[in-house]
Amino acid sequence: MTEFTSKLLEIITNIPYGKVTTYGRVAEIAGNPRAARQVSWTLRAYSNKYNLPWHRIINSKGTISLKRGQGFELQKSLLEEEGILVMENGRVDLREYLWNGDSHQKFE
DNA sequence: AACCTGACTTCGG
DNA sequence: TCCGAAGCCAGGT
């Protein structure tokens with residue numbers, strides 16, 4: 001795999017329990033803010049092999065990208081198991097659960 | 001090399 | 001807020 005991909009894996013592994021982040025944010029931290037699509041590709045390719053917390057990654061709109069019947073339900077339940085509130089339409093409140101990659105979270 | 005395809009994003013209307 | 005279009009990245013054909 002490319003160096004960029006291994007960087008993505010490292011970042012994904014660091015997403016804390018109970019938090020979510022976006023494809024674009026992961027790509028940005030890895031150094032290429034425009035490689036969001038590559039993040040989704042990477043998840044599909046390595047989630048099983050490296051046991052990645054893939055469910056903690058959602059899109060920039062704050063919703064689950066997977067379609068119903070194709071992983072949506074699984075991702076929703078995995079997030080809820082971590083105490084994350086997920087609307088029926090797959091929306092998550094990013095203001096509350098977003099992990100920015102920083103050590104300190106924003107304070108309201 | 002060309003073309004298609006996504007678990008994406010941003011921007012306009 | 002909610003689409004649609006256009007831009008983008010890399011792997012598969």
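Numbered from 1 within each chain, the chains take letters A, B, ... in sequence-line order. Fair warning: this is a prediction, and the values are worked out from it, not measured in the lab.
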Report the distance from atom [atom1] of [X] to atom [atom2] of [N], rounded to the nearest whole Å.
{"X": "A/Asn59", "N": "C/dC8", "atom1": "CG", "atom2": "P", "value": "20 Å"}
{"X": "A/Leu79", "N": "B/dA7", "atom1": "CG", "atom2": "P", "value": "17 Å"}
{"X": "A/Ile57", "N": "B/dT9", "atom1": "CD1", "atom2": "C1'", "value": "15 Å"}
{"X": "A/Lys61", "N": "C/dC2", "atom1": "NZ", "atom2": "C1'", "value": "10 Å"}
{"X": "A/Phe72", "N": "B/dG6", "atom1": "CZ", "atom2": "P", "value": "19 Å"}
{"X": "A/Ile12", "N": "B/dA7", "atom1": "CD1", "atom2": "C1'", "value": "11 Å"}
{"X": "A/Tyr23", "N": "C/dA10", "atom1": "OH", "atom2": "P", "value": "18 Å"}
{"X": "A/Phe4", "N": "C/dC8", "atom1": "CZ", "atom2": "P", "value": "15 Å"}

>> Check this for me, if you would: do A/Glu82 and A/Arg56 make a salt bridge, where the nitrogen-to-carboxylate-oxygen distance has to be below 4.0 angstrom?
In response: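 Yes, A/Glu82 and A/Arg56 are salt-bridged.
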> Are A/Glu73 and A/Lys76 within salt-bridge range, i.e. N to O under 4.0 Å?
Replying inline: no
Find out whether [X] and [Y] are in side-chain contact, i.e. whether some heavy atom of one side chain is under 4.5 Å from a heavy atom of the other.
{"X": "A/Ile57", "Y": "A/Val20", "answer": "no"}
{"X": "A/Trp54", "Y": "A/Leu78", "answer": "yes"}
{"X": "A/Arg25", "Y": "A/Asn100", "answer": "yes"}

>> Under the rule for side-chain hydrogen bond (donor to acceptor under 3.5 Å, both in side chains), what residues qualify as partners of A/Glu10, not counting sequence neighbours?
In response: none
> Counting side-chain heavy atoms from C-beta on, which of B/dT10, B/dC8, C/dG11 comes nearest to A/Ser60?
Replying inline: B/dT10
>> Nearest to the A/Arg91 side chain among B/dC8, B/dA7, C/dC2, which nucleotide is it?
In response: C/dC2
> Of all of residues 25-51 of chain A, which get a heavy atom below 4.0 angstrom from DNA chain C, listed by number?
Replying inline: A/Arg34, A/Ala35, A/Arg37, A/Gln38, A/Trp41
